[in-house]
Asks: 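Can you read through this structure? Questions will come right after.
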Amino acid sequence: MRSPLRTVAALLARYSLRTSGCRACGPGTRRISSSADPEVKVCIIGSGPAGFYTAQHLLKHHKSTVIDIYEKLPVPFGLVRFGVAPDHPEVKNVMNAFTQTAHRGGCSFYGNVNVGKDISIEELKQAYHVLVLSYGAETNQRLGIPGENLLGVYSARAFVGWYNGLPENRDLNPELSSETAVIVGHGNVALDVARILLSPIDMLKKTDITAHALEAIENSKVKRVIIVGRRGPLQVAFTIKELREMINLPGTRSLLDRSDFEGLKPIVKDLPRQRKRLIELLIKAGLEINSGKEAECRAAATKEWSLRFLRSPLEIVPSKDGKRVGGIRLTVTKLEGPVASAKAIQTEDIEDLECGLVLSSIGYKSHSIDSSVPFDQQQGIIPNKLGRVLHAPGVYCSGWVKRGPVGVIVTTMNDGFETAESVMEDVQSGILDVSALKGGFKVIEALLKQRGICPVSFSGWKKIDSFEVAAGEKVGKPREKLLSVKEMLKVANQ
């Protein structure tokens, strides 16, 4: 049997024979750059913000770049589509900029191609000068405690994927029959999940939340959400926008323990500006005594949320039948070290909370997609320097797989720009040899065809987009997402 790499080599040879010696290219054929102005073929793996921002910067500042973006799913935009909360449409507007990038000359999108499975990194290396891995973080950190596999325990990542239409989570069917939910983690995702659980249904009906999630939340019995973190108010990881949304959420009231916030004001004055504003709002919410209309709204609220600090999960306690969640056991912690980097140390004090739903929101984690690329399993990142993958010339990384799952979209934008700068520096300095002719997608397309893989182009995605928007208009929503790869491919190929 002929090896895949020999097949790539043969396809490259045929491609070289067809194009070598051409002084002028016919209509519709991309110009083959001279050695003085080499055409750099770049393969980006992953079509989320990291991938698109890297592409955007390369196309803007290196005119002879030709970029092909590969995506496992038939649809682009990664966490912008599947991670951003449905009630944050303003954040999703970044898809408009990514669409402009995809429509630029020199940029192509190929969805429904699972790199590491449908095509290998080594095969891509033979077809491109540059590989940029920007496939994000597709798994979640586990709590690692007894009872984590009980019915009613879910990762926040899976829960977010469920209400945002990620195909792998469409059948999650979370248990929402209990009045109390506990979320472990004090980051933005934790607050997103809490807000979606407690939001008035009429607010959610105007978003692109999936139909099955909307129905489940409308029938949900959850009316109390406790958000637990192992450190204190000064160490929370969420941002001021998400906190303000929780405080102002209609029909809900916050139940914060005043003792958590007393004595913090003298410390706040020395914090960086953004951090100072966040903690000041948190202290105000914890210490302020409402009066007048605000007091009336609190009294009339039918749902509530709270933040529990200095608590770390020890065990998910089963219900009487032993099959589902009955509660969660927490250990009280104490902090040691400087405020910003304080570590939570467990004490002997224990606290039990009754609940029927536990959502773990302690972080996402990247994984290796191909053994030929170095990967740090402990940190969950690809070892790199400014986006240059260590000991792998011509291979770069961007986004969460580069730095870990931290930051917001603007952080990812700057990260993508940094990787793009590293690529351009290496091309211009000659560290990266781009003189050899590379076949790019023509070579990969032939291999995918042999393997029965049909890539989805950006025009195919636009068909899906139009279908979803039209379906959403019928029910007063921005879009009604397709929930399976099969449905997506059917629409894309019409």
Side-chain angles (χ1 to χ4, degrees), residues 8 11-47 50-71 76 97-110 113 115 121 123-134 386-389 392-399 413-446 455 457-459:
V8 176
L11 288 165
L12 277 168
R14 289 203 294 273
Y15 179 80
S16 298
L17 287 170
R18 287 200 300 270
T19 55
S20 61
C22 294
R23 295 188 179 182
C25 298
T29 305
R30 199 186 305 278
R31 177 179 70 86
I32 297 176
S33 303
S34 68
S35 57
D37 181 26
E39 186 177 71
V40 182
K41 281 197 164 63
V42 177
C43 163
I44 294 179
I45 301 161
S47 67
F52 266 104
Y53 279 128
T54 305
Q56 181 188 103
H57 202 70
L58 284 171
L59 291 167
K60 182 178 180 180
H61 297 285
H62 199 281
K63 304 301 182 184
S64 61
T65 302
V66 178
I67 297 176
D68 293 334
I69 302 176
Y70 290 89
E71 168 59 49
F98 297 161
T99 297
Q100 290 179 0
T101 299
H103 283 156
R104 288 186 62 164
C107 186
S108 300
F109 168 80
Y110 300 106
V113 179
V115 174
I121 292 293
E123 289 168 335
L124 290 170
K125 279 183 181 179
Q126 291 205 30
Y128 294 90
H129 298 106
V130 174
L131 266 62
V132 180
L133 296 115
S134 58
L386 301 177
R388 298 176 178 92
V389 176
V395 183
Y396 301 79
C397 58
S398 178
M413 177 185 73
N414 293 327
D415 183 274
F417 289 176
E418 179 185 74
T419 295
E421 287 289 336
S422 292
V423 172
M424 291 187 293
E425 286 174 12
D426 292 352
V427 170
Q428 290 160 6
S429 67
I431 292 175
L432 187 62
D433 183 9
V434 295
S435 60
L437 191 65
K438 295 286 187 174
F441 180 67
K442 288 189 177 181
V443 171
I444 302 304
E445 182 181 31
S457 66
F458 204 77
S459 61

Asks: Evaluate the side chain to side chain contact (heavy atoms under 4.5 Å, CB included) criterion for residues Gln126 and Val443: first the C-alpha distance (whole Å), next the side-chain angles of each, then the deciding distance (0.1 Å), finally the verdict.
Replies: CA-CA 9 Å; Gln126 291 205 30; Val443 171; over 6 Å; no
Asks: For Glu418, does its backbone N or O pair with a side-chain atom of His57 as donor and acceptor, under 3.5 Å?
Replies: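 Pair absent, no side-chain N/O of His57 close to backbone of Glu418.
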Asks: NZ/Lys60 to CE/Met424 distance, rounded to the nearest 0.5 angstrom?
Replies: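 So the gap between those two atoms works out to 10.5 Å.
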Asks: Measure the shortest side-chain to side-chain distance between Lys125 and Val395 over non-hydrogen atoms and say whether it is less than 4.5 angstrom.
Replies: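 When only atoms from C-beta onward are counted, Val395 and Lys125 do touch, with a gap below 4.5 Å.
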Asks: Below 4.5 Å, heavy atoms only, C-beta onward: do Lys438 and Tyr128 meet side chain to side chain?
Replies: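 Result no, sub-4.5 Å side-chain heavy-atom pair not found.
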Asks: Please tell me if the side chains of Arg388 and Ser422 come closer than 4.5 Å, counting only heavy atoms from C-beta onward.
Replies: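 Yes - at least one pair of side-chain heavy atoms lies under 4.5 Å apart.
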Asks: Taking side chain as C-beta onward, heavy atoms only, is Val130 less than 4.5 Å from Asp426?
Replies: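 The answer is no, as the side chains (C-beta and beyond) never meet within the 4.5 Å cut-off.
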Asks: Looking at residues at least two apart in the chain, or sitting in another chain, which of them share a side-chain hydrogen bond (donor to acceptor under 3.5 Å, both in side chains) with Glu445?
Replies: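 Partners of Glu445 under the side-chain hydrogen bond (donor to acceptor under 3.5 Å, both in side chains) test: none.
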Asks: Working to the nearest 0.5 angstrom, can you tell me the gap between Cys107 SG and Leu58 CG?
Replies: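 If we round to the nearest 0.5 Å, Cys107:SG and Leu58:CG are 10.0 Å apart.
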Asks: Going by atom types alone, do Thr54 and Ser398 pair a side-chain donor with an acceptor below 3.5 Å?
Replies: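 Yes, a side-chain donor-acceptor pair sits under 3.5 Å.
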Asks: Can you name the nearest heavy-atom pair linking Ser134 to Gly51, along with the distance?
Replies: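 What the structure gives for the nearest pair is OG-CA, 3.3 Å.
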Asks: Give the ring-plane orientation class for Phe417 versus Tyr53, where under 30° counts as parallel, over 60° as perpendicular and anything between as tilted.
Replies: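 Ring orientation of Phe417 relative to Tyr53: perpendicular.
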Asks: Can you tell me how far SG of Cys43 sits from CG of Leu131, rounded to the nearest 0.5 angstrom?
Replies: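 Atom-to-atom, Leu131:CG and Cys43:SG are 4.5 Å apart.
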Asks: Using a 4.5 Å cut-off on heavy atoms from C-beta on, say whether the side chain of His62 contacts that of Val40.
Replies: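 When only atoms from C-beta onward are counted, His62 and Val40 do touch, with a gap below 4.5 Å.
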Asks: Which heavy-atom pair separates Cys397 from Thr419 by the least distance, and what is that distance?
Replies: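 Answer, listing the atom of Cys397 first, then Thr419: O-OG1, 2.7 Å.
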Asks: Between OG of Ser435 and CD of Glu39, what distance do you get to the nearest 0.5 Å?
Replies: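 Rounded to the nearest 0.5 Å, the OG-CD separation comes out at 13.5 Å.
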Asks: Over all heavy atoms of both residues, which pair between Ile69 and Ala55 is shortest? Give the atoms and the distance, please.
Replies: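 So the two residues come closest at CD1-CB, 4.1 Å.
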Asks: Checking side chain to side chain contact (heavy atoms under 4.5 Å, CB included) between Leu59 and each of Val42, Ile67, Val66, which is the one that passes?
Replies: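 Per the side chain to side chain contact (heavy atoms under 4.5 Å, CB included) rule, the option paired with Leu59 is Ile67, out of Val42, Ile67, Val66.
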Asks: Within a strict 4.5 Å, meaning less than it, do heavy atoms of the Leu133 and Ile121 side chains meet?
Replies: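 Result yes, sub-4.5 Å side-chain heavy-atom pair found.
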Asks: Which distance, rounded to the nearest 0.5 Å, do you find between the CD of Glu421 and the CG of Leu386?
Replies: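 It is 10.5 Å, given to the nearest 0.5 Å.
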Asks: With heavy-atom distances below 4.5 Å as the criterion, would you say the side chains of Phe109 and Ser47 are in contact?
Replies: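 Yes. Closest side-chain heavy atoms under 4.5 Å.
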Asks: According to the interplanar angle, ranging from 0 to 90°, do the rings of Phe52 and Phe98 count as parallel (below 30°), tilted (30 to 60°) or perpendicular (above 60°)?
Replies: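 Rings of Phe52 and Phe98: parallel, under 30°.
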Asks: May I have the step-by-step check of side chain to side chain contact (heavy atoms under 4.5 Å, CB included) for Ile444 and Tyr70, ending in yes or no?
Replies: CA-CA 11 Å; Ile444 302 304; Tyr70 290 89; 3.6 Å; yes
